[in-house]
Amino acid sequence: MNIMSKLTVGLLASACMGMLSAQEVKLSMESPADFTQPKRIVQAEDAFSVKGRGAFFSVKSVAIDPARKYQISGEFRMKSGKQVLLYFGFAPYDGKNRPVLPKLVNGNSKTLTEVAEAAKKGDQVIKVKDASQWNTKSKYCHIAFGAKADLSDLPNRDLLATVPPNVRQNGEVWEVLLAKPLTGDIAAGTPVRQHSDGAAWIYSAGLVKLTDQWVTRKGVITGIAPSGIPSNKFWKGTEQVKVLILCAVGAPDSEIQFRNIKITEIK
């Protein structure tokens with residue numbers, strides 16, 4: 001072999017090694033036991049199958065570094081029955097293995113205000129100084145206590161659900177209507193903010209209407225969002241993630257197949 005041939009072989013080998021090292025598999029789903037609800041999952045040949053609707057998570061989680069880039073990927077198809085809508089992505093958790101839910105991080109910074117008058121245990125109305133920017137109609141809103149202008153309180157777990165009309169003006173103050181009575185006193189001057197629910201998980205690989213043909217779904221995520229629930233960044237407070245496969249619509253006898261489910265770190 002001449003020098004040029006050796007050089008070519010060497011360059012090709014280096015390129016292949018570079019491609020192999022470009023991604024590091026952090027989690028790969030190899031058996032039904034790797035998923036929650038393993039009894040519903042059947043493994044046949046190189047694929048898994050599941051019937052009906054439901055959310056399926058990986059048992060194990062992956063610790064994340066916000067400065068790094070992660071990809072979730074998998075292949076899916078309908079096997080039989082009514083068409084299924086599939087959501088695929090990450091389920092976020094904090095360092096204590098608690099879910100990072102949309103309502104904990106999905107705060108509207110324009111709604112920051114203060115409690116105008118002390119509220120007592122058992123009250124179902126909280127008076128605040130200014131709720132002119134609050135959503136009054138949604139069934140999925142909350143009031144978050146101890147809110148901070150720089151959003152450093154997120155994820156905020158000190159919150160209560162409100163009911164439409166979520167706020168109403170009463171003279172110089174606004175009244176926030178709670179879904180349930182207070183379980184403790186709230187002091188005047190307590191900073192509060194309106195939060196909203198949203199998509200339950202981070203659907204980085206999106207939504208797909210499955211057919212009988214295999215389709216590959218991929219989603220890439222990096223960084224931490226200061227607030228809100230984007231699909232391309234980890235939600236505030238996320239320290240670890242799990243795989244999430246959500247089968248929606250469909251019917252009890254709808255059956256899908258999936259394979260090659262994994263999370264990789266992109267170097």
Side-chain angles (χ1 to χ4, degrees), residues 26-27 55 57-58 61-72 87-115 126 128-162 166-167 174 176 186-187 189-207 218-244 246 263-267:
K26 308 297 288 188
L27 181 64
F57 304 85
S58 59
S61 59
V62 173
I64 62 101
D65 178 347
R68 298 184 181 277
K69 187 180 295 185
Y70 300 86
Q71 176 179 271
I72 191 166
Y87 294 85
F88 184 39
F90 300 92
Y93 294 81
D94 67 12
K96 297 180 179 180
N97 205 34
R98 298 176 298 181
V100 178
L101 303 173
K103 64 183 181 181
L104 308 181
V105 296
N106 197 26
N108 183 347
S109 59
K110 294 181 180 179
T111 62
L112 184 65
T113 186
E114 293 182 1
V115 174
I126 296 176
V128 300
K129 291 184 177 179
D130 180 15
S132 59
Q133 299 297 312
W134 289 43
N135 185 327
T136 64
K137 300 178 180 180
S138 173
K139 297 184 295 183
Y140 308 105
C141 288
H142 299 74
I143 179 172
F145 302 97
K148 297 182 180 180
D150 63 0
L151 303 174
S152 60
D153 59 296
L154 302 181
N156 189 319
R157 297 181 180 275
D158 188 9
L159 41 73
L160 292 172
T162 59
N166 298 289
V167 296
W174 293 72
V176 180
I186 302 295
T190 299
V192 295
R193 183 197 304 116
Q194 188 179 49
H195 283 213
S196 301
D197 269 328
W201 298 288
I202 307 176
Y203 303 129
S204 297
L207 163 67
K218 296 180 180 180
V220 176
I221 189 169
T222 188
I224 294 284
S227 66
I229 50 174
S231 61
N232 63 344
K233 290 185 180 297
F234 295 111
W235 298 348
K236 187 76 174 291
T238 301
E239 295 185 43
Q240 52 188 326
V241 292
K242 294 184 178 182
V243 169
L244 175 278
L246 174 62
I263 295 176
T264 56
E265 181 184 332
I266 302 174
K267 301 293 186 178

Restricting to pairs with a member in residues 87-108, which pass ring-ring contact (aromatic ring centres under 6.0 Å, His included), not counting sequence neighbours?
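Listed once each, the pairs are F76-F88, Y87-Y203.
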
Show the nearest heavy-atom pair for residues [X] and [Y], with the distance to one decimal.
X	Y	value
G89	I72	O-CD1, 3.1 Å
W134	V176	CZ3-CG2, 4.0 Å
F145	L159	CD1-CA, 4.3 Å
P102	A199	CG-O, 2.8 Å
V105	P155	CG1-CB, 3.7 Å

Considering residues at least two apart in sequence or located in another chain, which fulfil the side chain to side chain donor-acceptor pair (under 3.5 Å) criterion with [X]?
X	value
Q133	none
D150	S152
S204	none
Q240	S61

[atom1] of [X] to [atom2] of [Y]: how many Å apart, nearest 0.5 Å?
X	Y	atom1	atom2	result
I64	T238	CD1	OG1	6.0 Å
L160	I126	CG	CD1	6.5 Å
I263	K26	CD1	NZ	10.5 Å
L112	D130	CG	CG	10.0 Å

Residue pairs involving residues 100-109 (criterion side-chain hydrogen bond (donor to acceptor under 3.5 Å, both in side chains); sequence neighbours excluded):
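Output for this query is empty, none listed.
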
Of all pairs that satisfy salt bridge (Lys or Arg N to Asp or Glu O under 4.0 Å), the ones with a partner from residues 88-99, not counting sequence neighbours
D94-R98, D94-R157

Is there any salt bridge (Lys or Arg N to Asp or Glu O under 4.0 Å) pair reaching into residues 191-200, and which pairs are they, with sequence neighbours excluded?
D153-R193

Residues 224-235, side-chain donor-acceptor partners within the protein, below 3.5 Å, at least two apart:
unit_1, atom_1, unit_2, atom_2, d
W235, NE1, P230, O, 2.9

Test your reading of the model: is there a side-chain donor-acceptor pair from K236 to the backbone of L151, 3.5 Å cut-off?
yes

Q194 backbone acceptor or donor facing T111 side chain under 3.5 Å:
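Such a contact is found between T111 side chain and Q194 backbone.
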
Carefully, step by step, assess W174 and T113 under the rule side chain to side chain contact (heavy atoms under 4.5 Å, CB included).
CA-CA 10 Å; W174 293 72; T113 186; over 6 Å; no

Quick check: do H195 and L154 have side-chain heavy atoms less than 4.5 Å from each other?
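Yes. Closest side-chain heavy atoms under 4.5 Å.
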
When S58 is tested against each of V241, L27, L244 for side chain to side chain contact (heavy atoms under 4.5 Å, CB included), which residue passes?
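It is L27, the one option of V241, L27, L244 that forms the side chain to side chain contact (heavy atoms under 4.5 Å, CB included) with S58.
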
Non-neighbouring partners of K69 that pass salt bridge (Lys or Arg N to Asp or Glu O under 4.0 Å), sequence neighbours left out
none

Restricting to ring-ring contact (aromatic ring centres under 6.0 Å, His included), what partner residues turn up for W201, sequence neighbours left out?
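Checked W201 against ring-ring contact (aromatic ring centres under 6.0 Å, His included); matches are F57.
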
Indicate every side-chain donor-acceptor pair of residues 135-143 with a distance under 3.5 Å to a residue at least two apart or in another chain.
unit_1, atom_1, unit_2, atom_2, d
N135, OD1, K137, N, 2.8
N135, OD1, S138, N, 3.1
S138, OG, Y140, N, 2.9

